[in-house]
Amino acid sequence: MTDNSWLQIGLYLATIILCARPLGVWMAAVYEGRKTFLHRALGWLERLIYRAAGIRPDDPMNWKAYATAVMLLSLLSGIALYGLQCLQGYLPLNPEHMSGVSPDLAFNTAISFVTNTNWQSYNGETTLSYLTQMLGLTVQNFISAAVGMAVLVALIRGLRGKQTDNLGNFWADLTRGILYILLPLSVVLAMLLVSQGVVQSLNPYQKVRLVEPQHYSMRTTGSNGKMVNTRTVVRHQLLPTGPAASQIAIKQLGTNGGGFFGANSAYPYENPTPLSNWLEMAAILLIPAALCCTFGRMVGDMRQGWAIMAAMLLLLIPLMIGCTAAEHAQNPAVAHLIHHHPGWALKNHGYMEGKETRFGITDSAIWTTVTTAASNGSVNSMLDSYSAIGGLIPMWLLQLGEVVFGGVGSGLYGMIMFVIVTVFIAGLMVGRTPEYLGKKIEAFEIKMAAICVLVPPALLLTATAVACVLPGVTNALGNTGPHGFSEILYWASSTANNNGSAFAGLGTNSVFYNIVGGVLMWVGRFWIIIPTLALAGSLAKKKIIPPSSGTLPTHNGMFTCLLAATVVLVGALTFFPALALGPIVEFLSGGRL
Amino acid sequence: MRVLRAAVAMLVIMSGITGLAYPLAVTAAAQYLFPWQANGSIVNNPQNRPTGSKLIGQYFSGARYFWPRPSATAPVPYCPYNAADGGCGTGSNLGPYSPGFLAAIKRRIIRLRSADPQSTTPIPASLIMASGSGLDPDISPSAARYQINRVARARRMPVARLRRLVKRFTRGRTFGILGAPRVNVLELNLALNRLARKRKH
């Protein structure tokens, strides 16, 4: 840790906290259908959309209707994206003549983007046409983010509803989320990113002449099938391009995280300068943090929102500091190597492998904590080469269930499930029926919350175990030993919790990983959304009872600590055995494996 | 069935807005306002032909040039795209204590030391550890300074001249806070070539 690290962490957190309230209050106004200044510019478009789609924005929906609409749109989105990928070879805007994507990869990618996961078993610049990137992936970046926010808003309406069935209208929530929140922010961010050097064009890849031609001798398979040495001279570089900035803006704002290019935000055309890095990093937590204030505003008590945000910060800050410190430390294995070669001297060797010079260790480690706390999953450095502890922290953040800010909407509704578990535990301690915001929490609510909390861990631990014992599956490993186990555990944690980042040494473009990963992402997304909406429907039907002397206040420091402790307890108890086999044993070995 | 109609219509409309109108409008605005950046920050050589991008690193291996960081791209270092085998920008993804990583470190140290046997300066980490994209255009200022003696000998240039050049191309943290100090290798090497041409005339 350097002084600069402390300064940057402080500046980052201050930025996020300062932006939360104004943006959160604004979003509350949008979702409540109040007129804002953007309605003057875009109101006509909103009305036009409703008319074209045959929607009345004030039509009430009960939880089943809301869930049906969510599922139907997601299903259709998945089918459209699958088809687009398979047919891209025959479609326009394909200057590099990319052929259709293989069925298992297209299946994985379609589910990945529809569920806001953005796991990528492919490299964008070698696999997808510009049309697929725009009309397929960019669209799902918007829709999946807006779906997450809509489900959160439905849950909030359930919490504040008085003996009603109405959770609002999904189509109106979706349209407003995209039109008034995601789209304007994306336009601004995209233009800022272009000014920094992010590419945005429809031209073919560009060939440039290298300053110093390079001579290589390579071993290749000759015509007789034997390995032969061939000398080649490389004189050119082919520079990929494409409509990247428009996709990268929403990829960060919507906590999607899928890179336009394979190396994601480490790729210079995707994240060219320290300033672009800062903007993208701020964009990741901007909406998830602000939604806490939207929540507070909509339930009529800002303190409720701040208490939840405080619990999130309580978890995030120590982990952010821990990751940054771990990456700045000396690599014991490298130190050992140097020690045994007299005369070799190395300068300040932190864990620079897999990190970019312009970001340095600090901005890489902050990014990594932020992107895994939020269910963003874009990376600006390669997590597979992180230190044992530096890699443990992002992995554990995924496993906590993506509730430390989490995805847009999905993070907060996930956290509200933990709130329900927390008030339940507190209720057990004092022997009273638990309540939250005046709603009695009864058996049905606890069951739904328990499903949300337990489904992802059950999924990911099972999938990890299966992947470890099935023959042939471990051939995909990029590393062996505990680090190889970490690669599989990370893959399952990332897909089941809809994050999308990876220990990328694991080669997952195979039928097993594509299909199983697809199933994990789908179940991990919708087996949370459906119980959440069911819970919202059940809460909406209840009376609001005024607080009494026996009510547990949910807006103070004690509750914040209780909530954070519940999240940690569930996360630690569930995952300690698995983590012990991977990063923990790697750490204890001191680099000598 | 009304919900099915609404779902289809919404998907089509939102695809039009966010998948066509939005990216095309941003492309038009970007091409108008920031054409150089939007098209890849291309740098031209003295013959006015594109010779690289300011943002994408190139491999240099001759003693006369400053070397970039190691790169894990295939089939050759600093290969952003290779249609034949799907090669593209990537990190090594080697575990921090893995035998593969340590062997690479060893190889890189030996290469640096044999290129400049007299040097006793400690080797900066960024010269022996590969970047995340494999296309990192920058090296740290200490990595540039480490190479000054070697380049000066190969080009028969005074060391002080090169020190000034490296200093001129060193960029600090943005606003004094963000990112890390760095030197763009391509810009530095192009400047070296320009100096050499000037001296010839």
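Residue numbers begin at 1 in each chain, while the letters A, B, ... track the order of the sequences.
- Within the 4.5 Å cutoff, no side-chain heavy atoms of A:Leu193 are placed close to those of B:Phe34.
- A donor-acceptor pair is defined here as one N or O able to donate and one able to accept, closer than 3.5 Å; no such pair exists between the side chain of A:Glu353 and the backbone of B:Pro96.
- Taking A:Asn123, A:Leu210, A:Asn264, A:Val379 one by one and counting their heavy-atom pairs under 4.5 Å with chain B, the maximum is reached by A:Leu210.
- Looking only at distances, a side-chain donor or acceptor of A:Tyr269 sits under 3.5 Å from a matching main-chain atom of B:Gly40.
- With rounding to the nearest 0.5 Å, the separation of SG in B:Cys79 from CD in A:Gln214 is 12.5 Å.
- Between the side chain of B:Asn39 and the backbone N or O of A:Ser201, no donor-acceptor pair lies under 3.5 Å.
- Under the 4.5 Å side-chain criterion, counting only non-hydrogen atoms from C-beta, B:Thr18 is not in contact with A:Ile143.
- When the candidates A:Gly360, A:Gly391, A:Gly354, A:Ala263 are compared by the number of heavy-atom contacts under 4.5 Å with chain B, A:Gly354 comes out ahead.
- Note that CG of A:Leu183 and CE of B:Met14 are 9.0 Å apart. Values are rounded to the nearest 0.5 Å.
- Qualifying side chain to side chain donor-acceptor pair (under 3.5 Å) partners for B:Arg156, counting only residues two or more places apart in sequence or in other chains: none.
- A donor-acceptor pair under 3.5 Å links the side-chain atoms of A:Asp363 to the main chain of B:Gly179, judged by distance alone.
- Rounding to the nearest 0.5 Å gives a distance of 11.5 Å between CD1 of B:Ile177 and CG of A:Leu275.
- Counting heavy-atom neighbours within 6.0 Å of A:Phe587 CZ, excluding the residue itself, gives a total of 12 or less.
- For the pair A:Thr175 and B:Met10, the minimum side-chain heavy-atom distance is below 4.5 Å.
- At a 4.5 Å heavy-atom cutoff, the contact between B:Gln31 and chain A is made by side-chain atoms alone.
- Remark: the backbone N or O of B:Ala38 is not paired with any side-chain donor or acceptor of A:Gln200 at under 3.5 angstrom.
- A distance of 11.0 Å separates CD1 of A:Ile178 from CD1 of B:Ile13, quoted to the nearest 0.5 Å.
- The closest side-chain donor-acceptor pair between B:Asn45 and A:Arg209, if any, does not fall under 3.5 angstrom.
- A donor-acceptor pair under 3.5 Å is absent between the side-chain atoms of B:Tyr97 and the main chain of A:Glu586, judged by distance alone.
- Interatomic distance, CG of B:Leu11 versus CD1 of A:Ile79, reported as 10.0 Å (0.5 Å rounding).
- Between chain B and the residues A:Trp278, A:Tyr351, A:Tyr216, the largest count of heavy-atom pairs under 4.5 Å involves A:Tyr216.
- The shortest side-chain heavy-atom distance between B:Ile56 and A:Tyr267 falls under the 4.5 Å cut-off.
- Although no hydrogens or angles enter the test, the distance criterion places a donor-acceptor pair under 3.5 Å between the side chain of A:Gln237 and the main chain of B:Gly57.
- Residue pairs meeting the ring-ring contact (aromatic ring centres under 6.0 Å, His included) criterion with at least one member in residues 44-72 of chain B, sequence neighbours excluded: B:Phe60-B:Tyr65.
- Contacts between A:Phe359 and chain B at a heavy-atom distance below 4.5 Å involve the backbone alone (N, CA, C, O).
- Within the 4.5 angstrom heavy-atom criterion, atoms from both the backbone and the side chain of A:Ser186 approach chain B.
- Your options are A:Ile49, A:Leu7, A:Ile55, and the one with the most heavy-atom pairs under 4.5 Å with chain B is A:Ile49.
- Heavy-atom neighbours of B:Arg111 CZ from other residues, nucleotides or ligands within 6.0 Å: above the threshold of 12.
- With a 4.5 angstrom heavy-atom cutoff, B:Lys106 touches chain A via backbone and side-chain atoms both.
- Here the OG1-CG distance, from A:Thr357 to B:Asn184, works out to 10.0 Å after rounding to the nearest 0.5 Å.
- Both the backbone and the side chain of A:Leu346 come within less than 4.5 Å of a heavy atom in chain B.
- Side-chain atoms of A:Glu125 never come within 3.5 Å of backbone atoms of B:Tyr81 as a donor-acceptor pair (strictly under, hydrogens ignored).
- With hydrogens and angles disregarded, a donor-acceptor distance shorter than 3.5 Å links the side chain of A:Asn479 to the backbone of B:Asn93.
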